[in-house]
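What follows is a short report on a single structure.
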There are 2 protein chains.
Amino acid sequence: MDLRRLRYFVAVAEARSIGKAAERLRMAQPPLSVQIRKLEAEIGAPLFRRGTRGMDLTEAGQALLARASEALALAADGAEAARAVAAGKRGRLSVGYMFVLANAMLPRLIPELRRSIPGVDLDFAELSASTREARLLDRSVTVALCMPAINHPEIQVARIGTQPFMLVVPSRSPLARLSKVPMARLQGRPLIALPPPERDPASSAVSALLRRHQVVMPIAGRVETVHSAMSLVLAGEGFAILPACAQLGAPRGIVFRPLRDASDSIDIAVCWRRDSQSPLIKTFLKCAEKAVARL
Amino acid sequence: MDLRRLRYFVAVAEARSIGKAAERLRMAQPPLSVQIRKLEAEIGAPLFRRGTRGMDLTEAGQALLARASEALALAADGAEAARAVAAGKRGRLSVGYMFVLANAMLPRLIPELRRSIPGVDLDFAELSASTREARLLDRSVTVALCMPAINHPEIQVARIGTQPFMLVVPSRSPLARLSKVPMARLQGRPLIALPPPERDPASSAVSALLRRHQVVMPIAGRVETVHSAMSLVLAGEGFAILPACAQLGAPRGIVFRPLRDASDSIDIAVCWRRDSQSPLIKTFLKCAEKAVARL
DNA sequence: CCAACCCATACATTTTCGGTATGCCAATGG
DNA sequence: CCATTGGCATACCGAAAATGTATGGGTTGG
């Protein structure tokens, strides 16, 4: 059963004549006649009544016509859909992001994406650093927003911005009075830390910052989320060092202060599989850059 | 866009491997590889990711797969449906019948048909003699139940039974007393007639009956339907001569009496277009014969 | 480093398709 | 009644496409 035969069949059924259909199909009449007869042989029953003034569908032909035209439409639509997906005009874009970036970026990023790729289903998931990496690798996520970038041979990275590290203190703390906090003032103070470097590379950036300024802060608590870290700071358990954008999610009673002599910052990056051929990635990248520009 | 290509594509997508799919398709691996690449060229985008351990659908491929398998199923179903219709296992049987036969035949005929051809849609229409003929000719009716048979070169006829003519009288009429009415007693009495022979050949059968017995009955009224004829008889306007089976629809106050010396009868026939290739006709014929046998 | 696995390419063979020429049949018109 | 016309079917040939066999090349795993 060949799709071309069905196309010919539908044409003849609509034209009610082999000659007319052949004209519309830009072919000679005899081969079309042959194809129709082959189709009838394949079905095992006549599909047309041959009259002296053209062809007329039999009931078997009518039964076939309904399905055949639908099948033709489906096949054409399938090809079109595949092309649209490949061109990035339709499909699904699955984005893994991290909590700290949510408040800062998503309100700008999502509307931007909807304008740029209206036919694409968006799917946002807040994921931990290790999960983002795993799901990029198994392709269940198309792109990830990371801070800092993922370092993996299969994963490609585009840096779209940076965030300075800031000290997070309770507003009633004496440190809150300073507009800029000298690094030396942190010496020996308790630190509320995020998951260790194996699970969250942001932690190693913080460690590096402290090491570079030869400041030692004992770890007073490890938490999974930025939100928990701020809660512990608010409770007076210690201080945290977080990217500036975390401010947007900070509760009342918490203030962010720049570190005077440390200009250390952390990269915001878009990450995706090096072999991903999704054309949506470059669009996503543009949108993410716009969203970061306003930070 | 060829159905074979789509079939191959679906096979490869399901087997997640060209080699495995080729095995299932009973063909060599290289031509299948070529076909898949041709399909990708036709779509203009890769449909599979080639891994070292097989093939994996891209998103464009997934978009195509859904439609392609549906299109394949539709094409197969179309062929199957056409075969089923040609074999008389599915389709539509449109029956034109006449009012006088409705009470006598349909209660037996319809259940019989439903048992014999359960997949077929039945469509019964009560039609006048001339309409039955016209709609047989334009194929909007597949078969017709007629009394008497239609006489037309394009129409084939099978006689399935006969009905004796009977005299229809009001039960209070003196003629109702007789168990058999001699033809001579009808001389000069008013006749309630059905439409003239051009529109209803049953009328010419009645005329022939009277002529053969040299009886003259003035026409006291022409009506369109048997029902109207009986109403006029009940009203005392005259007498009617109808096939025996009309009794089943007779109102109270009307009786049917055999004609003593007239053994005249009228054929019940099944009629269809000589060139109709519907396999349902022979089944219909069998069912109609059964239904008539019990009259 | 070799063997196994899997896909891609090359080439020869066969099938199928489409075009041209022509025949057949029925309806139409003088 | 014969000629013409319109429409489909058949025959044959050249071209395109599909399939099979042989082989290359890359990656994985022992």
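We use all heavy atoms of the structure for the numbers below, so side chains are in, but hydrogens, waters and symmetry mates are not. Every chain is numbered from 1 and lettered A, B, ... according to where its sequence line falls, protein lines coming before strand lines.
Put simply, OH on Tyr8(A) is 12 Å from C1' on dG19(C), counting in whole angstrom units. One interatomic measurement links the two molecules: CZ of Arg50(B) to P of dC7(C), which rounds to 9 Å at whole-angstrom precision. Atom CD in Gln29(A) sits about 11 Å away from atom P in dT10(D), given to the nearest Å. When the C1' atom of dA16(D) is taken as reference, atom CZ of Arg5(B) falls 12 Å away, rounded to whole Å. The nearest whole Å value for the distance from the CG atom in Leu32(A) to the P atom in dC17(C) is 12 Å.
Judged as a ring pair (Phe, Tyr, Trp, His ring centres under 6.0 Å), the pairs with a partner in residues 38-60 of chain A (not counting sequence neighbours) are, in order, Phe9(A)-Phe48(A).
Heavy atoms from other residues, nucleotides or ligands lying under 6.0 Å from CZ of Arg50(A) number more than 12.
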Please output the side-chain donor-acceptor pairs of residues 75-88 of chain B that fall under 3.5 Å, not counting sequence neighbours, one pair per line with the distance.
{"from": "Asp77(B)", "atom 1": "OD2", "to": "Arg67(A)", "atom 2": "NE", "distance (Å)": "3.0"}
{"from": "Arg83(B)", "atom 1": "NH1", "to": "Glu42(A)", "atom 2": "O", "distance (Å)": "2.9"}
{"from": "Arg83(B)", "atom 1": "NH1", "to": "Ile43(A)", "atom 2": "O", "distance (Å)": "3.3"}

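Overall, the helix from dC1(C)-dG30(D) to dG30(C)-dC1(D) carries an axis bend of 20° between its ends, with five pairs at each end and the value rounded to 10°.
With dA9(D), dT21(D), dT19(D) as the choices, the nucleotide that has an atom nearest any side-chain atom of Pro30(B) turns out to be dT21(D). Among the nucleotides dA27(C), dG19(C), dC7(C), the one closest to any side-chain atom of Thr52(A) is dA27(C).
Using a 4.0 Å cut-off between a side-chain N of Lys or Arg and a carboxylate O of Asp or Glu, Asp275(A) and Arg139(A) qualify as a salt bridge.
Here the side chain of Glu40(B) pairs a donor or acceptor atom with the backbone of Leu47(B) at under 3.5 angstrom.
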